[in-house]
Protein chains: 2
Amino acid sequence: MNNMNVSSKISLNEGLYLKDPQASELGRKIINHSILMIDELGFEQFTFKKLASEIKSTEATIYRYFKNKHILLIYLVSWYWEWVSFLIKKNTQNTSDAQEKLRIIIHSFVFASKENPSVAYVNESILHNLVISEGMKAYHTKNIDKENSQGFFKNYKDLASLVSEVVTEINPDFAYPYAFATNLFEMSNNHIYFAKHLPKLTDIEIKNDEVGELEVMLNYFADRLLGL
Amino acid sequence: MNNMNVSSKISLNEGLYLKDPQASELGRKIINHSILMIDELGFEQFTFKKLASEIKSTEATIYRYFKNKHILLIYLVSWYWEWVSFLIKKNTQNTSDAQEKLRIIIHSFVFASKENPSVAYVNESILHNLVISEGMKAYHTKNIDKENSQGFFKNYKDLASLVSEVVTEINPDFAYPYAFATNLFEMSNNHIYFAKHLPKLTDIEIKNDEVGELEVMLNYFADRLLGL
DNA sequence: TTTTAAATAATAGTATTACTATCATTGGCA
DNA sequence: TGCCAATGATAGTAATACTATTATTTAAAA
C-alpha cells in the first residue's frame, strides 16, 4: 500500500483516553512501547511503572493519558479493529462481486500485519499478536456493560457490521450474518493462538508465521456456511 | 439424570492443586465459594483473602490447596470441561447414529447447566457463567506453554477430541474436525456472552437464560459445515 | 524577548494484592 | 494419652495501582 496517512482514518472513541496520545511525541511513545511491552510481558505483568521506565518518563505522566491499563488495552484493540476495517475497505473498494469481497476480507485480516505499515509508531504485526493473546481481555471484564454503553467497542461492532453486509449480499438467506462475521474473527485469532500454544485444539499448523493454512481453513468454513 | 456420583468420574490433573480440595470439607468449600465469588466479582477482583473471609478461613490455608488464583481458575475450568465431557458421554451412550450424536452433543453443552447437578458443592450453572465470562483467561497467559506441557489443559483437549471423532464419523471428508469442535465451544460461549453484553456482535437473543436460539444457531452452523 | 501557561518530571504516599513464614491450636486416631 | 496433620492467627514483604504535590522544562503568545 502507499504510505497514505492512515491515522487520519483512525477514529477512536474519545472516552478511551484523557489526552489524545496521537497528538504528542510522548503519547505516541506510549502507544508504541505499550504494544511492545504488553506483547512481551503479557497484560498482567505489564504496568505503567515499567512502561514509564522504558520510555524514560513517569507513571504519573502516563496516567494523564490513560485512566488505567485496562482502558489502554481497549484503546490498542480498538486501534487494531479500526486498522483492519481500513484495510478491508481499501482492498475491496474496486471489487463489486460479493464473493470476491469476502475472499479479500479474509485475506486482509489474515495478512493484515504483513501490509506495509503506514503509522510509524505502531507495529501492526506485534499489535496483531497482542490482540491474539490478550485481545479478549479488553471485553471480558466486570465493567463491560458500562464500557459498552460508553461506546468503547464501536470499532469492533462496525467491523462486524461491515462483514455481515457482505455475507448478506452473498447469501441473503443466511440466518446469522453477524455471528458469521464475529466468528470469523474470533476463530481466526483463536486458531493462530491454538496453533502456537495448544496445537491439539486445531488442525492447522503455523510455522514461521506462515498463515496460509489459516486462510484456506477460513475460506473452507465460509464457503460451506454460505453454501458456495 | 440420576444422582450418581459424577465426582468419581472427574479426574483433574494433580498438578492443578497442592492438596486435593475434593477430599476435605474445607477444600469443597473453597471450590464452592470460589465459583460463586469469581462469578460475582470477576476474576480480577477476586482474591484469596476475600475468599478466606467468606468461608471463615485464612489466606494461608487456601494457599495450601492452590498455588495461586490462576491455577484455581484452570482447576475450575477443567472441572467444567470434564463435567461437559461426562454429560456428552452419558447422553450419547445409547445412540449409534453420528448425526444424532452431534445434535445431542450440542444440546448437552447448551443445556449443561440445566441438568440436575450431582455434586453438591458445585453449582454447574454458575460455573458455566464463569467459564463464559472468565474461562479464556485460563489459557491466555504468559505461562501457557509451561502449563500446557504439564497437562493442565488435557480436559479441554479430550473434549475436543471426543467431538472431532463424531464430526469425522458424520463426514470423513471434513478437513478440520478439531477446529470444528473447538469452534463449536468457543462460539457457543462467545455468543452467550455477546447476547448478554455486546448484542450488536451476534444475531441471537437470550432472555431469561433461554438458550434455545443458541442451540438452533449451532445446529444451523454445524449442518452447513458438514453438508447436511 | 519576556511572560505565561501547559506539559512533564520528581518525589512521596496509600491501600491493596499476592504472596511467604512462623508459631499456636485443635481434633481425631494409634 | 499422646501425637500429628490440618487449620488458624498473625506478621511481614515486595509489588501494584493508583493519587497528590511541587518543581522544572518547553513552546507559544504578548
Side-chain angles (χ1 to χ4, degrees), chain A residues 14-34 37-38 40-76 121 134 137-138 140-143 146-147, chain B residues 14-34 37-38 40-76 121 134 137-138 140-143 146-147:
Chain A
E14 287 184 18
L16 290 174
Y17 48 82
L18 303 172
K19 184 165 147 44
D20 183 3
Q22 290 186 248
S24 74
E25 188 58 35
L26 184 66
R28 292 187 287 270
K29 259 174 126 173
I30 291 173
I31 296 175
N32 187 349
H33 286 86
S34 64
M37 291 185 81
I38 294 174
E40 198 182 309
L41 303 174
F43 185 64
E44 286 75 23
Q45 306 307 315
F46 167 81
T47 69
F48 277 5
K49 198 175 189 179
K50 289 174 186 169
L51 174 59
S53 144
E54 182 85 4
I55 64 176
K56 268 134 200 137
S57 180
T58 64
E59 231 182 326
T61 297
I62 295 171
Y63 274 104
R64 279 192 210 101
Y65 282 88
F66 293 99
K67 202 171 174 247
N68 55 56
K69 71 172 182 172
H70 178 244
I71 302 288
L72 169 57
L73 180 64
I74 300 180
Y75 180 92
L76 296 177
Y121 52 97
E134 314 288 347
K137 293 173 191 170
H140 280 86
T141 165
K142 269 289 147 184
N143 293 318
K146 205 177 127 205
E147 288 171 351
Chain B
E14 288 184 17
L16 289 175
Y17 48 82
L18 303 172
K19 186 164 146 45
D20 184 3
Q22 290 186 249
S24 74
E25 188 56 35
L26 184 65
R28 292 187 287 269
K29 259 174 126 172
I30 290 173
I31 296 176
N32 188 350
H33 286 86
S34 63
M37 290 186 83
I38 294 174
E40 198 182 310
L41 302 174
F43 184 64
E44 286 75 24
Q45 307 307 315
F46 166 80
T47 68
F48 278 6
K49 197 174 190 178
K50 289 174 185 169
L51 174 59
S53 144
E54 182 84 6
I55 64 177
K56 268 136 200 138
S57 179
T58 64
E59 231 182 325
T61 298
I62 296 172
Y63 275 104
R64 284 191 201 102
Y65 282 87
F66 292 100
K67 200 170 173 248
N68 55 55
K69 72 172 181 171
H70 177 245
I71 303 287
L72 169 58
L73 179 64
I74 300 180
Y75 181 93
L76 296 177
Y121 53 96
E134 315 288 347
K137 293 173 191 169
H140 280 87
T141 166
K142 270 289 148 182
N143 293 318
K146 205 176 126 206
E147 288 171 353

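Values below: every heavy atom of this structure, side chains too, minus hydrogens, waters and symmetry copies. Lettering of chains follows the sequences in order, A, B, ..., and the numbering in each one begins at 1.
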Show every donor-acceptor pair shorter than 3.5 Å between a side-chain atom in residues 40-49 of chain B and any protein atom, with sequence neighbours excluded, or say none if there are none.
residue: B:Glu44; atom: OE1; partner: B:Lys137; partner atom: NZ; Å: 3.1
residue: B:Glu44; atom: OE2; partner: B:Lys137; partner atom: NZ; Å: 3.1
residue: B:Thr47; atom: OG1; partner: B:Lys49; partner atom: N; Å: 3.4
residue: B:Thr47; atom: OG1; partner: B:Lys50; partner atom: N; Å: 3.0

Task: N or O in side chain of B:Lys67 less than 4.0 angstrom from C:dC19 OP1/OP2 - done: no

Open item on the list: Test of understanding: with ring-ring contact (aromatic ring centres under 6.0 Å, His included), list the residues that count as partners of B:Tyr65, not counting sequence neighbours.
Closed with: none

Open item on the list: For D:dT7 and B:Ser57 - does any side-chain N or O of the residue sit under 4.0 Å from the phosphate oxygens OP1/OP2?
Closed with: no

TODO: Using whole Å, report how far CD of A:Glu25 lies from C1' of C:dA6.
DONE: 17 Å

Task: Rounded distance in Å - CG (B:Leu51) to P (C:dT17) - done: 13 Å

Task: Min side-chain heavy-atom separation B:Glu147-B:Ile71 under 4.5 Å - done: yes

TODO: Flag the pair A:Tyr75 / A:Ser34 as yes when at least one side-chain heavy-atom distance between them is below 4.5 Å, and no otherwise.
DONE: no

TODO: Heavy atoms under 4.0 Å is the rule here; annotate nucleotides 21-30 of chain C 5' to 3' with B where the base is hit, S where only the sugar-phosphate is, and - elsewhere.
DONE: B---------

Open item on the list: I want to check one thing: is the phosphate of D:dT7, taken as OP1 and OP2, less than 4.0 Å away from some side-chain N or O of B:Thr58?
Closed with: no

Task: Euclidean distance, B:Ile31 CD1 relative to B:Leu72 CG, rounded to 0.5 Å - done: 8.5 Å

- [ ] May I ask you to verify if any side-chain N or O of B:Tyr65 is less than 4.0 angstrom from the OP1 or OP2 atom of D:dA6?
- [x] no

- [ ] Round to a whole Å and report the spacing from CZ of B:Phe66 to P of C:dA18.
- [x] 16 Å

Distances under 3.5 Å between protein N/O atoms and the N/O atoms of nucleotides 13-17 of chain D, please, pair by pair.
residue: D:dA17; atom: OP1; partner: A:Lys69; partner atom: NZ; Å: 3.4

Task: Inter- and intrachain pairs under salt bridge (charged side-chain N to carboxylate O under 4.0 Å, His left out), touching residues 53-67 of chain B, at least two apart - done: none

Open item on the list: I need the CD1-C1' distance between A:Ile55 and C:dA10, as an integer number of Å.
Closed with: 15 Å

Task: Steps toward side-chain contact (heavy atoms from CB on, under 4.5 Å) verdict (B:Lys69, B:Leu73) - done: CA-CA 6 Å; B:Lys69 72 172 181 171; B:Leu73 179 64; over 6 Å; no

TODO: Write down the distance between CG (A:Leu18) and P (C:dT8), rounded to a whole number of angstrom.
DONE: 13 Å

TODO: Provide, to the nearest angstrom, the distance between the CD1 atom belonging to A:Ile62 and the P atom belonging to C:dT8.
DONE: 11 Å

Open item on the list: With rounding to the nearest 0.5 angstrom, report the CD to CD1 distance, A:Glu25 to A:Ile55.
Closed with: 10.5 Å

TODO: Under the ring-ring contact (aromatic ring centres under 6.0 Å, His included) rule, collect the residues that match up with B:His33, sequence neighbours excluded.
DONE: none

